[in-house]
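Beneath this line is the structure, given in structure tokens, with notes to follow.
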Amino acid sequence: MADTSLAEKKIGLLVWQLSNHWQSKLRKILKDHKLTLNEYLILESISDLSENQKELSQNRISIFAGIDISVASVTFKLLENKKLIARRTKKDNRKKIIEMLVSGNNLYNKINPLILEKEKNIFNKLQNETYNFTNSLKLILGRRLRIKAEKIL
């Protein structure tokens with residue numbers, strides 16, 4: 001099929017449209033729970049990271065979530081005001097330790113299956129190409145690739 005528009009020819013526009021599509025679908029779910037996408041990503045990061053780490057810093061969470069530290073800082077404050085997380089300081093007042101409160105954990109556990117199902121609906125179209133697509137995006141972004149070893153029968 002011939003490319004009939006600029007958006008069909010420009011890979012960057014396709015990536016942008018996909019990103020907008022993904023965000024739009026997730027925001028519809030999050031709106032019902034009065035959360036932004038950044039707030040959800042922070043909660044998901046806290047949940048994932050706290051499985052292996054006792055103390056989580058704002059900086060560690062923001063890096064893991066892929067959210068700029070200044071944006072994440074505002075988001076942490078919003079989540080704290082919503083009583084979903086608690087921030088405390090140790091010796092250095094500049095370093096805040098983050099804990100997810102029971103209310104935050106309950107909300108995350110309620111929303112996460114909905115988000116996973118929506119993402120599955122969006123990305124299942126890739127079928128067997130999901131792994132390659134993910135690695136291609138990482139390659140473009142200059143990130144490390146994880147290569148699967150082939151099984152020899």
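Predicted model, so just to flag it, every value in this text is computed and none were measured. Note that these values count all heavy atoms, side chains included, but never hydrogens, waters or copies made by symmetry.
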Working note: E44 + I115, criterion side chain to side chain contact (heavy atoms under 4.5 Å, CB included); need CA distance, chi angles, decisive distance, verdict.
CA-CA 11 Å; E44 182 176 21; I115 296 290; 5.9 Å; no
When hydrophobic residues are tied together by side-chain contacts of less than 4.5 Å, even through go-betweens, does I122 share a cluster with V15?
no
In Å and rounded to the nearest 0.5 Å, what is the CD to CG distance from Q53 to D48?
11.0 Å
Ignoring hydrogens and angles, tell me if any N or O in the side chain of K82 forms a donor-acceptor pair with the backbone of K34 under 3.5 Å.
yes
For a quick test of reading the model, state the closest non-hydrogen atom pair linking L139 to L145 and the distance between them.
N-CD2, 3.8 Å
Could you check whether any side-chain heavy atom of F64 comes within less than 4.5 Å of a side-chain heavy atom of L56, counting everything from C-beta outward?
no
For S57 and N59, what are the C-alpha separation, side-chain angles and deciding distance, and is it a side-chain hydrogen bond (donor to acceptor under 3.5 Å, both in side chains)?
CA-CA 5 Å; S57 69; N59 193 46; 5.4 Å; no
Side chains of T130 and F123: does their closest heavy-atom pair fall under 4.5 Å?
no
Minimum heavy-atom distance S62-I69, with the two atoms named:
OG-CD1, 3.2 Å
Shortest non-hydrogen pair, I61 vs S45, comes out as CG2-CB, 3.9 Å
Drop me the distance from T36's OG1 to R27's CZ, to the nearest 0.5 angstrom.
8.0 Å
Are more than 12 heavy atoms, taken from residues, nucleotides or ligands other than K138, located less than 6.0 Å from that residue's NZ atom?
yes
Is it the case that one hydrophobic cluster holds both L43 and L101, taking links as side-chain heavy atoms less than 4.5 Å apart, direct or via other members?
no
Could you walk me through whether I29 and L35 satisfy the side chain to side chain contact (heavy atoms under 4.5 Å, CB included) test, starting with their C-alpha distance in whole Å, then the side-chain angles of each, then the deciding distance to 0.1 Å, before giving a yes or no?
CA-CA 9 Å; I29 295 168; L35 277 185; over 6 Å; no
Return the minimal non-hydrogen interatomic distance between Q58 and S73, and the atom names on each side.
NE2-OG, 4.2 Å
L126 vs N132 side-chain heavy atoms within contact, under 4.5 Å
no
Could you tell me whether the side chain of L107 reaches within less than 4.5 Å of the side chain of Y40, counting heavy atoms only?
no
Are the side chains of L79 and I98 in touch, meaning some heavy atoms are under 4.5 Å apart?
no
Please report the C-alpha distance between K77 and R87 in whole Å, then the side-chain angles of each, then the deciding distance to 0.1 Å, and finally whether the side chain to side chain contact (heavy atoms under 4.5 Å, CB included) criterion is met.
CA-CA 9 Å; K77 192 174 284 189; R87 297 188 299 173; 3.8 Å; yes
In terms of heavy-atom contacts, M100 and N105 come closest through CG-N, 3.5 Å
When every non-hydrogen atom of Y108 is compared with those of P113, the smallest separation belongs to O-CD, 4.5 Å
With heavy-atom distances below 4.5 Å as the criterion, would you say the side chains of K118 and K28 are in contact?
no
Starting from I63 and following side-chain heavy-atom contacts under 4.5 Å between hydrophobic residues (I, L, V, M, F, W, Y), which residues can be reached?
none
Interatomic distance, CD@E99 vs CD@E55, rounded to 0.5 Å, equals 8.5 Å
Could you state whether W16 and F133 fall into the same hydrophobic cluster, counting links through intermediate Ile, Leu, Val, Met, Phe, Trp or Tyr residues with side-chain heavy atoms under 4.5 angstrom apart?
no
Hey, what do you get for CG (L26) to NE2 (H21), rounding to the nearest 0.5 Å?
10.0 Å
dist N38:CG -> T75:OG1 (nearest 0.5 Å) comes out at 4.5 Å
Do L30 and E39 touch side chain to side chain, with heavy atoms closer than 4.5 Å?
no
Distance check, rounded to the nearest 0.5 Å: I42 atom CD1 versus L78 atom CG?
10.5 Å
Between K96 and F76, is any pair of side-chain heavy atoms under 4.5 Å apart?
no
I'd like to know if W22 and L137 are part of one continuous hydrophobic network [Ile/Leu/Val/Met/Phe/Trp/Tyr, side-chain heavy atoms within less than 4.5 Å].
yes
Same cluster (ILVMFWY, side-chain, under 4.5 Å), I46 and I97:
no
